[in-house]
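In the text below, chain A, chain B and the rest are named by the order of the sequence lines, each starting its count at 1.
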Amino acid sequence: MQNRRETLKQSLAVAGLLGATGLFPQYALAANKAAFDAKSIADAVKAYGASAPVESKDVTLTAPDIAENGAVVPLAVSSALPGVKSLLMLVEKNPSALSAKFDVNDSVEPSFATRVKMGQTSDVYAVAITADGKAYYAKKEVKVTLGGCGG
Amino acid sequence: MRVIHLLAGLALAGAVAGAWAQKNPAEAGIEEYRAMLADGNPAELTEAKGEDLWKQKRGPKNASLETCDLGKGPGVVKGAFVELPRYFPDTGKVQDLETRLITCMERIQGFNGAEIMKTPWGKGEKVTVDALATYVAGQSRGMAIKVPQDQPMEREYYEVGKRIFFTRGGTHDFACATCHGQDGKRIRMQDLPNLTKNPGDNAGFPAWPAYRVSTGDVWTMQHRLNDCFRQQRFPEPNYGSDALTALSVYLGVNANGAKSTAPALKR
Amino acid sequence: MKKTAWIVSSAAVVAAAVAGCAGLPAGGGGNLDAEAQHMLLTGFHAHGIAKMDRITDVDDTVKACNAADIAGKPLDEATAKRIEAENLKTIKWPSDGKYLGDWKEGEKIAQSGRGQTWSDKAGEPAGGNCYNCHQITKQEISFGTIGPSLYNYGKLRGVTDPNSAAAKPIVEYTWGKIWNAKAYNACSNMPRSGHMGNLTEGQIRDIMALLLDPHSPVNQ
Amino acid sequence: MADPMRIRAQASGDKAVVRVLMSHEMETGQRKDASGKVIPAWYITDVTASLNGKVVLTAEWGPSVSKNPFLQFTIKGAKAGDKVSITWKDTKGDTRTDEATVS
């Protein structure tokens with residue numbers, strides 16, 4: 001199986017194009033791979049060089065109490081903290097915890113929504129990493145139910 | 001505690017209907033989940049693809065489907081979906097959306113209709129039919145279902161479809177009616193529309209084609225019915241068979257008056 | 001070629017049927033029943049383990065209940081009683097007199113909705129499909145409502161010792177109901193799990209334990 | 001060739017809410033096909049959004065983002081008529097860019 005680095009090498013033409021506009025900076029790749037391979041919330045956050053996350057009211061995670069189908073679980077993360085550099089969505093019991101990382105800058109609100117897969121009922125985390133390397137989280141349990149005829 | 005919890009849920013999910021309070025927490029949770037998914041139905045991707053395919057010159061005859069008659073005259077797409085299945089004098093048959101699209105692909109574009117019918121789900125021109133059906137359905141979004149019963153053959157198909165709906169069989173004695181013959185029932189957490197009458201706006205006939213979250217693709221009514229019969233432990237229905245068309249007429253006429261939400265989002 | 005010929009003859013049948021019953025009286029008639037049978041036979045094909053006999057080779061119980069549903073009228077009492085008596089005769093009571101197995105296994109069987117579709121293989125143990133229609137334990141929140149709740153099934157019926165003489169009638173009824181539900185309600189929606197060979201005797205024992213064992217979560 | 005995205009960008013005050021649907025399998029590499037063979041991983045790893053050519057968002061995704069991904073975010077200082085473009089890149093190195101006008 002290809003890792004992310006090899007994949008990028010093979011698509012140099014594309015990467016070149018995007019690289020020219022500074023879209024996918026090379027230096028971040030190693031950290032990304034470690035983060036997306038991490039099995040735990042703590043390891044994923046550590047891969048981005050941040051300290052152990054602490055719970056914070058200023059991080060908001062919106063997730064349903066129950067997911068009718070684990071294949072599509074709507075999640076939204078936002079933060080009211082100053083100096084947030086990135087927002088992470090993580091599912092504790094997925095094979096790899098990290099689902100998505102969004103970089104925050106002056107042009108975009110620190111608020112993102114997407115949909116993730118969940119293999120089973122699990123705690124879901126939103127983590128905000130600030131420019132000074134601190135990490136803050138909010139979490140919520142999402143129940144994944146069995147649905148349909150089951151066949 | 002419960003009130004506080006529900007309020008928090010409301011605030012999070014945005015302005016969602018407040019009907020949850022009357023339901024048990026599990027049902028309320030599922031409704032919240034569905035409300036969060038309502039904005040951004042991936043069926044829109046299929047709809048856009050279908051629109052392109054409708055307008056593109058394709059097939060051995062290199063023609064677009066823009067002259068296809070879906071029952072309201074050549075090229076009329078808007079409102080066609082809510083009046084299907086219907087009788088077509090040019091084929092002498094009652095046809096549903098998918099079989100009619102295949103007739104057009106055959107006659108206008110020169111495709112082999114029988115081949116398309118035999119093609120597995122998700123392959124070849126079957127993908128085209130599904131995308132076209134999704135596009136055509138989307139053009140009637142919000143319109144009331146009014147499947148016609150003017151022609152004798154349409155009435156015949158309704159009566160035959162009703163008989164098929166109530167036919168138990170297989171290893172479990174299941175009929176369509178076993179799950180879809182009463183009000184207010186569920187299978188696991190899924191609401192089961194009562195298909196012997198108007199099932200409402202976002203359930204049953206007026207909701208398909210639909211994007212199925214569990215399979216990650218759009219299913220047309222043909223596909224939906226096919227998998228119902230699989231779960232019923234029946235042998236497999238032939239794609240485009242009269243049996244499925246008759247069943248669709250029964251479901252469609254019963255749903256007359258319901259507003260179409262197709263292509264909808266389903267579990 | 002054969003197919004074309006077939007379509008023509010099908011159209012002819014329909015045309016004849018239509019001509020034969022102008023106005024199509026509500027409730028239909030023999031023509032419509034015949035046409036429905038015809039469409040079922042020509043509109044389906046065997047796939048894997050799901051053969052055509054699942055439509056063609058149905059018993060009198062299924063035939064009578066289908067006809068009643070199509071007519072929109074329940075079975076008359078005499079017919080219902082006769083059907084129930086016939087189905088009661090099919091029940092195979094446990095060969096060793098043992099009615100209850102392991103409720104933990106029973107819970108697994110109750111959870112599973114698999115088996116016997118055209119995408120399943122022959123010989124694989126089937127699930128019971130129980131949660132599809134029934135609430136059973138309190139812990140499982142994803143349950144259907146086509147059948148009644150079975151939570152506290154044994155407790156509500158006062159079963160403290162399933163092996164006692166006092167519990168015997170309810171234990172036997174429960175076994176019979178799972179084996180052949182039509183023995184107690186002619187056109188029940190419930191599958192005839194033992195009679196149709198969907199579940200083995202051992203599987204039914206385990207489901208019995210789930211419902212009746214005082215230690216089962218159902219009875220807590 | 002990947003199918004086009006659906007992008008909706010709606011101005012509200014001095015911001016624009018952007019909703020995107022992408023057509024992608026997002027295969028995790030952990031599923032097996034009918035014959036028991038592992039279906040190789042194939043998913044979007046990088047997403048970028050630009051406003052009038054200037055990058056406003058970069059995101060990295062893993063295989064657990066759902067099939068046919070949905071993304072919603074809000075761009076500051078955007079107004080009707082501005083161009084929003086979205087680019088994704090996947091594990092095969094495929095990429096796709098689509099553009100929409102803020103309405």
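Side chain to side chain, D:Thr48 and D:Thr58 fail the donor-acceptor criterion of an N or O pair below 3.5 Å. For the residue pair D:Trp88 and D:Asp46, no side-chain donor N or O sits within less than 3.5 Å of a side-chain acceptor on the partner. One side chain, D:His24 or D:Asp90, offers a donor N or O that lies under 3.5 Å from an acceptor on the other.
Only the backbone of D:Lys67 comes within less than 4.5 Å of a heavy atom in chain A; its side chain stays farther off.
Using a 4.5 Å heavy-atom cut-off against chain D, the contacting residues of residues 103-121 of chain A are A:Asp103, A:Asn105, A:Asp106, A:Ser107, A:Val108, A:Glu109, A:Ser111, A:Phe112, A:Ala113, A:Thr114, A:Arg115, A:Val116, A:Lys117. Residues of residues 69-78 of chain D lying under 4.5 angstrom from chain A, judged on non-hydrogen atoms, are D:Phe70, D:Leu71, D:Gln72, D:Phe73, D:Thr74, D:Ile75, D:Lys76 in numerical order.
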Anything under 3.5 Å between a donor and an acceptor, one on a side chain of residues 71-91 of chain A, the other on a protein residue two or more places apart or in another chain? List them.
{"unit_1": "A:Ser79", "atom_1": "OG", "unit_2": "A:Leu81", "atom_2": "N", "d": "3.0"}

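With contacts defined as side-chain heavy-atom distances shorter than 4.5 Å, the pair D:Gln10/D:Arg19 qualifies. At a threshold of 4.5 Å between non-hydrogen side-chain atoms, the residues A:Val124 and A:Glu92 do not count as touching. When side chains are defined from C-beta on, D:Lys32 does not count as touching D:Lys37, because their heavy atoms never get closer than 4.5 Å.
Under a cutoff of 6.0 Å and an axis angle of 45°, A:Lys101 and D:Trp61 do not form a cation-pi pair.
Contacts of A:Lys134 classified as salt bridge (Lys or Arg N to Asp or Glu O under 4.0 Å), with partners at least two apart in sequence or in another chain: none.
Within the 3.5 Å criterion, the main-chain N or O of A:Ser40 finds no donor-acceptor partner in the side chain of A:Asp43.
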